[in-house]
Amino acid sequence: EVQLVESGGGLVQAGGSLRLSCAASGFTFEDYEIGWFRQAPGKEREGFSWISRTDGSPYYADFVKGRFTVSSDKAKNTVYLQMNSLKPEDTAVYYCAAGTVIVVVNGTLSPVGYNYWGQGTQVTVSS
């Protein structure tokens, strides 16, 4: 059974940092593309980062580039999202997901093609 479990969310002041973890089970990173998404209240879910299953290369949407870093530990089957210089507009529920199709629309990763999702973890950035 494919399962993803996020952790590491919380409350942080603007300019602060958080590191999210996404622990995967039931598959390996070679099987799926791992993406990071977020959804703020009243907004659509938007994807902003993923790791290529082919070569492990990370990709970022412009609005997180330079502030967020994604990495993976294959031995632990875990993907990490280091978030620095957080802004109030980064407040959202953050999800990791596993899929096989990468669809980028207007520079953001589409949820289409992602079959498996974690439960999400809340990130709140205060001003």
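Please read these numbers as outputs of a predicted model, since none were measured by experiment.
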**OP:** Could you walk me through whether Thr69 and Tyr60 pass the side chain to side chain contact (heavy atoms under 4.5 Å, CB included) test, one step at a time?
**Re:** CA-CA 8 Å; Thr69 303; Tyr60 305 96; 3.8 Å; yes
Original post:
Looking at Tyr95, does the NZ or CZ of Arg45 lie under 6.0 angstrom from its six-membered ring centre and within 45 degrees of the ring axis?
Top reply: yes
Original post:
With respect to Arg38, which candidate in Asp90, Thr121, Leu81 satisfies the side-chain contact (heavy atoms from CB on, under 4.5 Å) definition?
Top reply: Asp90
Please check this pair: side chain of [X] against backbone of [Y], looking for a donor-acceptor N/O pair closer than 3.5 Å.
{"X": "Asn77", "Y": "Ala23", "result": "no"}
{"X": "Ser49", "Y": "Tyr59", "result": "yes"}
{"X": "Arg67", "Y": "Ser85", "result": "yes"}
{"X": "Gln119", "Y": "Glu6", "result": "yes"}
{"X": "Ser72", "Y": "Lys74", "result": "no"}

**OP:** Using the ring-ring contact (aromatic ring centres under 6.0 Å, His included) rule, take Tyr116 and Tyr32 through it: C-alpha gap first, then chi angles, then the decisive distance, then the call.
**Re:** CA-CA 10 Å; Tyr116 303 100; Tyr32 293 99; 5.6 Å; yes
Subject >> Worked verdict on Thr78 versus Asp73 for side-chain hydrogen bond (donor to acceptor under 3.5 Å, both in side chains) >> reply: CA-CA 5 Å; Thr78 299; Asp73 184 333; over 6 Å; no
For [X] and [Y], work out which heavy atoms get closest and say how close.
{"X": "Gly107", "Y": "Ala61", "answer": "O-CB, 3.5 Å"}
{"X": "Ser110", "Y": "Val105", "answer": "CB-CG2, 4.4 Å"}
{"X": "Gly47", "Y": "Phe63", "answer": "O-CZ, 4.4 Å"}
{"X": "Val79", "Y": "Val70", "answer": "CG1-CG2, 3.6 Å"}
{"X": "Ser17", "Y": "Asn84", "answer": "OG-OD1, 2.9 Å"}
{"X": "Ala40", "Y": "Ala92", "answer": "N-CB, 3.8 Å"}

**OP:** Side-chain contact test, heavy atoms from C-beta onward, threshold under 4.5 Å: evaluate it for Thr100 versus Arg53 and give yes or no.
**Re:** yes
Subject >> Validation row: Tyr94, Gln39 side chains within 4.5 angstrom (heavy atoms) >> reply: no
Subject >> Intermediate values then yes/no, side-chain hydrogen bond (donor to acceptor under 3.5 Å, both in side chains), Glu89 and Thr91 >> reply: CA-CA 5 Å; Glu89 51 264 43; Thr91 295; over 6 Å; no
Honestly curious: do [X] and [Y] fall in one hydrophobic cluster under the side-chain, below-4.5 Å linking rule?
{"X": "Trp36", "Y": "Val5", "result": "no"}
{"X": "Ile34", "Y": "Val93", "result": "no"}
{"X": "Trp117", "Y": "Val123", "result": "no"}
{"X": "Leu4", "Y": "Ile102", "result": "no"}
{"X": "Leu20", "Y": "Leu86", "result": "yes"}

**OP:** Name all residues meeting the side-chain contact (heavy atoms from CB on, under 4.5 Å) criterion together with Val101; count only those two or more places apart in sequence or in a different chain, and write none if there are none.
**Re:**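 Per chain and number, Val101 pairs via side-chain contact (heavy atoms from CB on, under 4.5 Å) with Val103.
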Original post:
Stepwise, does the side-chain hydrogen bond (donor to acceptor under 3.5 Å, both in side chains) test hold for Thr108 with Asn106?
Top reply: CA-CA 6 Å; Thr108 62; Asn106 295 326; over 6 Å; no
Subject >> Close aromatic pair by centroid cut-off 6.0 Å: Phe48 and Phe37 >> reply: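 Centroid distance Phe48-Phe37: not below 6.0 Å, so no.
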Subject >> Euclidean distance, Ile51 CD1 relative to Ser57 OG, rounded to 0.5 Å >> reply: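 One finds 9.0 Å between OG of Ser57 and CD1 of Ile51.
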